[in-house]
Amino acid sequence: DWSSDVCSSDLLSLAPSLFDKVLQSVPFPEGPLKTRALELCRKAGLHDVLPRIWRTGTRPVANAMMTGLLPYQRRVFITDVLIHSMTSDELDAVLAHELAHARRFHLWIYIAFAGSILMWAFLIDPWISDLLLSGVTPLLFLIGFYFAFRIVSHHMEHEADLFSESLTEKPGSILQALLQLRRGGKRWREKSSWRHPSILDRVRVLHRHRENAQFRASFDRKGRWIRIITFTALISGAGFLTWQAQEDRKSTRLNSSHAN
């Protein structure tokens with residue numbers, strides 16, 4: 001998800017082998033590119049990742065993405081456009097950025113976040129319907145999801161950039177890769193999107209995280225709170241749904257016994 005061209009691809013990662021055919025991808029050929037890629041994967045602790053070239057054909061696009069939630073089904077795709085237009089250090093930085101999404105469990109966080117929103121929408125729908133209007137809950141939660149997920153996704157992208165710089169041990173390589181995309185034209189986001197911050201914002205965060213200890217502490221604390229809130233909401237929502245289901249069964253048995 002290096003760019004916003006495939007906005008939801010990382011959430012559709014339950015069938016990564018499907019992407020092999022959809023993206024007309026091929027394995028990295030033997031040589032320095034594959035050697036460096038596999039070394040980065042091992043360095044990140046992701047020995048199961050399969051790097052592949054995403055062949056874009058007549059619709060060239062500079063993009064990369066990670067698929068696969070579980071070990072031994074993970075694949076990282078990098079388009080032929082990126083491979084032909086970037087230096088070795090820049091390609092390493094792009095690959096490391098994608099590896100961060102697996103190593104930092106970003107795909108799981110996205111799914112947990114969406115699941116918790118759905119559960120709590122179901123749980124509080126009766127109260128919102130009584131207080132406001134029946135059927136308004138989905139709209140309210142959709143609006144809330146849009147803005148909240150934007151915050152989460154932008155932070156995960158910044159985390160992936162920082163992880164890339166740390167993993168490659170080549171300060172500035174991720175910056176150069178971002179600026180290389182920016183030189184590609186306006187389509188490489190002077191403005192942010194729902195899923196991705198703007199390239200200028202990503203560059204700004206990289207600089208501030210490196211140079212400002214107070215910003216670094218605040219940024220890292222925000223990442224911890226995103227995880228705490230997301231998984232607390234997921235676990236508590238699952239708990240309430242379980243309790244509600246048990247109460248409904250008790251009520252059904254009670255009504256059945258009274259009827260008899």
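When a residue number appears, it is its place in the shown sequence, counting from 1. Worth saying up front: this structure is predicted, and the values here are computed from it rather than measured.
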Participant: I'd like to know if Lys250 pairs up with Glu247 as an ion pair, taking the criterion as any Lys NZ or Arg NE/NH1/NH2 lying under 4.0 Å from an Asp or Glu carboxylate oxygen.
Facilitator: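 So Lys250 pairs with Glu247 through a salt bridge.
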Participant: Could you state the interatomic distance from CH2 (Trp225) to OG1 (Thr232), rounded to the nearest 0.5 Å?
Facilitator: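 Trp225 atom CH2 to Thr232 atom OG1 measures 8.5 Å (nearest 0.5 Å).
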Participant: Atom CG of Asn212 and atom CZ of Phe219: how far apart are they, to the nearest 0.5 Å?
Facilitator: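 Reported to 0.5 Å precision, the distance equals 13.0 Å.
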Participant: Could you tell me if the side chain of Asn63 sits less than 4.5 Å from the side chain of Trp54, heavy atoms only?
Facilitator: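 Contact flag for Trp54/Asn63 side chains = yes.
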Participant: Where the side chain of Asp80 meets the backbone of Thr56, is there a donor-acceptor pair that is under 3.5 Å apart?
Facilitator: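 Answer holds: yes.
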Participant: Indicate yes or no: does Glu157 engage Arg104 in a salt bridge with an N to O separation below 4.0 Å.
Facilitator: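 So Glu157 does not pair with Arg104 through a salt bridge.
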Participant: Are the side chain of Thr35 and the backbone of Gly31 linked by a donor-acceptor contact shorter than 3.5 Å?
Facilitator: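 Present.
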Participant: Could you check whether any side-chain heavy atom of Thr67 comes within less than 4.5 Å of a side-chain heavy atom of Met65, counting everything from C-beta outward?
Facilitator: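 When only atoms from C-beta onward are counted, Met65 and Thr67 do touch, with a gap below 4.5 Å.
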Participant: Check for me, please, whether Ile235 and Met119 land in the same ILVMFWY cluster - side-chain distances under 4.5 Å, paths through other members count.
Facilitator: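 Per the 4.5 Å side-chain linkage, Ile235 and Met119 are not co-clustered.
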Participant: Look up atom NE2 in His196 and atom CG in Asp201, then write down how far apart they are to the nearest 0.5 Å.
Facilitator: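 The distance works out to 12.5 Å.
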Participant: Is a side-chain N or O of His154 found less than 3.5 angstrom from the main chain of Ser198, in a donor-acceptor match?
Facilitator: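 No: the side chain of His154 does not pair with the backbone of Ser198.
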Participant: Could you tell me whether the side chain of Leu99 reaches within less than 4.5 Å of the side chain of Leu167, counting heavy atoms only?
Facilitator: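 The answer is yes, as the side chains (C-beta and beyond) meet within the 4.5 Å cut-off.
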Participant: Give a yes or no on whether Arg103 atom CZ has more than 12 heavy-atom contacts from other residues, nucleotides or ligands under 6.0 Å away.
Facilitator: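 Incorrect, the count does not exceed 12.
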Participant: Output the distance between atom CD1 (Ile226) and atom NE2 (His106), rounded to the nearest 0.5 Å.
Facilitator: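 Between atom CD1 of Ile226 and atom NE2 of His106 there are 9.0 Å.
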Participant: Report yes if some heavy atom in the side chain of Val26 is under 4.5 Å from a heavy atom in the side chain of Asp20; otherwise report no.
Facilitator: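 In short, these two side chains do not touch, never coming nearer than 4.5 Å.
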Participant: Say whether, by atom type as modelled, one donor and one acceptor occur between the side chain of Ser218 and the main chain of Gln214 under 3.5 angstrom.
Facilitator: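 No: the side chain of Ser218 does not pair with the backbone of Gln214.
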Participant: Indicate yes or no: does Glu165 engage Lys170 in a salt bridge with an N to O separation below 4.0 Å.
Facilitator: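 Salt bridge flag = no for Lys170 with Glu165.
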Participant: Counting only heavy atoms not in Glu211, do more than 12 sit closer than 6.0 Å to its CD atom?
Facilitator: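 Yes, the 6.0 Å shell around CD holds more than 12 heavy atoms from other groups.
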Participant: Examine distances only and state if a side-chain atom of Ser164 and a backbone atom of Ala160 form a donor-acceptor pair shorter than 3.5 Å.
Facilitator: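 Absent.
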Participant: To the nearest 0.5 Å, what is the distance between CZ on Arg202 and OG on Ser192?
Facilitator: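 One gets 11.5 Å once the value is rounded to the nearest 0.5 Å.
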Participant: For Phe231, is the CZ atom crowded, meaning more than 12 foreign heavy atoms sit under 6.0 Å from it?
Facilitator: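 Yes, enclosed.
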Participant: Within the structure provided, determine whether Gln176 and Thr87 are in side-chain contact (heavy-atom separation under 4.5 Å).
Facilitator: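 Of all side-chain heavy-atom pairs linking Thr87 with Gln176, none is under 4.5 Å.
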Participant: Please give me the minimum heavy-atom distance between Thr168 and Ala96, naming the atom from each residue.
Facilitator: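 Scanning both residues, the minimum pair turns out to be CG2-CB, 3.8 Å.
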Participant: Taking it one step at a time, do His209 and Asp220 satisfy side-chain contact (heavy atoms from CB on, under 4.5 Å)?
Facilitator: CA-CA 9 Å; His209 195 274; Asp220 295 343; 3.3 Å; yes
Participant: I need the minimum non-hydrogen distance between Val76 and Val49, along with the two atoms involved.
Facilitator: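 Closest heavy-atom pair between Val76 and Val49: CG1-CG1, 3.7 Å.
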Participant: Do His47 and Cys41 come close enough that some side-chain heavy atom pair is under 4.5 Å?
Facilitator: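 A side-chain contact is absent here, since even the closest heavy-atom pair is not under 4.5 Å.
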Participant: Tell me the closest heavy-atom pair linking Pro27 and Arg52, and the distance in Å.
Facilitator: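 Taking every non-hydrogen atom into account, CG-NH1, 3.7 Å.
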Participant: Taking side-chain contact (heavy atoms from CB on, under 4.5 Å) as the criterion, tell me which of Ile124, Leu118, Val136 meets it with Phe141.
Facilitator: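 Passing option: Ile124.
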Participant: Look at the rings of Phe145 and Phe113 and say which category their plane angle falls in: under 30° parallel, 30 to 60° tilted, over 60° perpendicular.
Facilitator: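 Ring orientation of Phe145 relative to Phe113: tilted.
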Participant: Between Gln246 and Trp243 (side chain of the first, backbone of the second, donor and acceptor by atom type, cut-off under 3.5 Å), is there such a pair?
Facilitator: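 Flag not set: sc Gln246 to bb Trp243 has no pair under 3.5 Å.
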Participant: Checking side-chain contact (heavy atoms from CB on, under 4.5 Å) for the pair Leu175/His207: CA distance, chi angles, key distance, verdict?
Facilitator: CA-CA 9 Å; Leu175 288 171; His207 279 301; 4.0 Å; yes
Participant: About how many Å separate CD1 of Ile174 and CG of Asp92, when rounded to the nearest 0.5 Å?
Facilitator: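 CD1 of Ile174 is found 10.5 Å from CG of Asp92.
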Participant: Sub-3.5 Å donor-acceptor pair from the side chain of Trp194 to the main-chain atoms of Tyr146, do we have one?
Facilitator: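 Such a contact is found between Trp194 side chain and Tyr146 backbone.
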Participant: Could you tell me which non-hydrogen atom of Ala102 sits nearest to which non-hydrogen atom of Met66, and how far apart they are?
Facilitator: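 Closest approach of Ala102 to Met66: CB-CE, 4.1 Å.
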Participant: Please check this pair: side chain of Trp108 against backbone of Leu69, looking for a donor-acceptor N/O pair closer than 3.5 Å.
Facilitator: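 Flag set: sc Trp108 to bb Leu69 pair under 3.5 Å.
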Participant: Side-chain heavy atoms nearer than 4.5 Å, only ILVMFWY residues, links allowed to pass through others: does that put Leu38 and Leu46 together?
Facilitator: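 Leu38 does not cluster with Leu46.
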Participant: Do Phe215 and Val205 come close enough that some side-chain heavy atom pair is under 4.5 Å?
Facilitator: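 Yes, their side chains come closer than 4.5 Å.
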Participant: Pair Asp89, Ser173 - check side chain to side chain donor-acceptor pair (under 3.5 Å), show working.
Facilitator: CA-CA 6 Å; Asp89 286 352; Ser173 58; over 6 Å; no
Participant: Between His155 and Ile151, does the side-chain contact (heavy atoms from CB on, under 4.5 Å) criterion hold? Intermediate values first, please.
Facilitator: CA-CA 6 Å; His155 190 86; Ile151 293 171; 5.7 Å; no
Participant: If I compare all heavy atoms of Thr137 with all of Ala121, which pair ends up nearest, and what's the gap?
Facilitator: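 Closest approach of Thr137 to Ala121: CG2-O, 3.5 Å.
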Participant: Leu50, Leu23: one ILVMFWY side-chain cluster at the under-4.5 Å cut-off?
Facilitator: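 Unlinked, Leu50 and Leu23 end up in two clusters.
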Participant: Mind checking whether Ile83 and Val81 sit in one hydrophobic cluster, side chains of I, L, V, M, F, W, Y counted as touching below 4.5 Å?
Facilitator: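 In one cluster with Ile83: Val81, no.
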Participant: With a 4.0 Å cut-off, would you call Arg75 and Glu98 a salt bridge?
Facilitator: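 No, this pair does not count.
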Participant: Say whether Ile143 and Ile128 are linked into one hydrophobic cluster, either directly or through other cluster members, by side-chain heavy-atom distances under 4.5 angstrom.
Facilitator: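 As far as the 4.5 Å side-chain criterion goes, Ile128 and Ile143 are connected within one cluster.
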Participant: Thr79 and Ala62: which non-hydrogen atoms are nearest, and at how many Å?
Facilitator: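 So the minimum-distance heavy-atom pair works out to OG1-CA, 3.6 Å.
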Participant: Does any non-hydrogen side-chain atom of Pro29 lie less than 4.5 Å from one of Ile53?
Facilitator: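 Sidechains of Pro29 and Ile53: in contact.
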Participant: Quick one: is the NZ or CZ of Arg195 closer than 6.0 Å to the six-membered ring centre of Tyr110, and within 45° of its axis?
Facilitator: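 Judged by the rule (NZ or CZ under 6.0 Å from the ring centre, within 45° of its axis), Arg195 counts as positioned above Tyr110.
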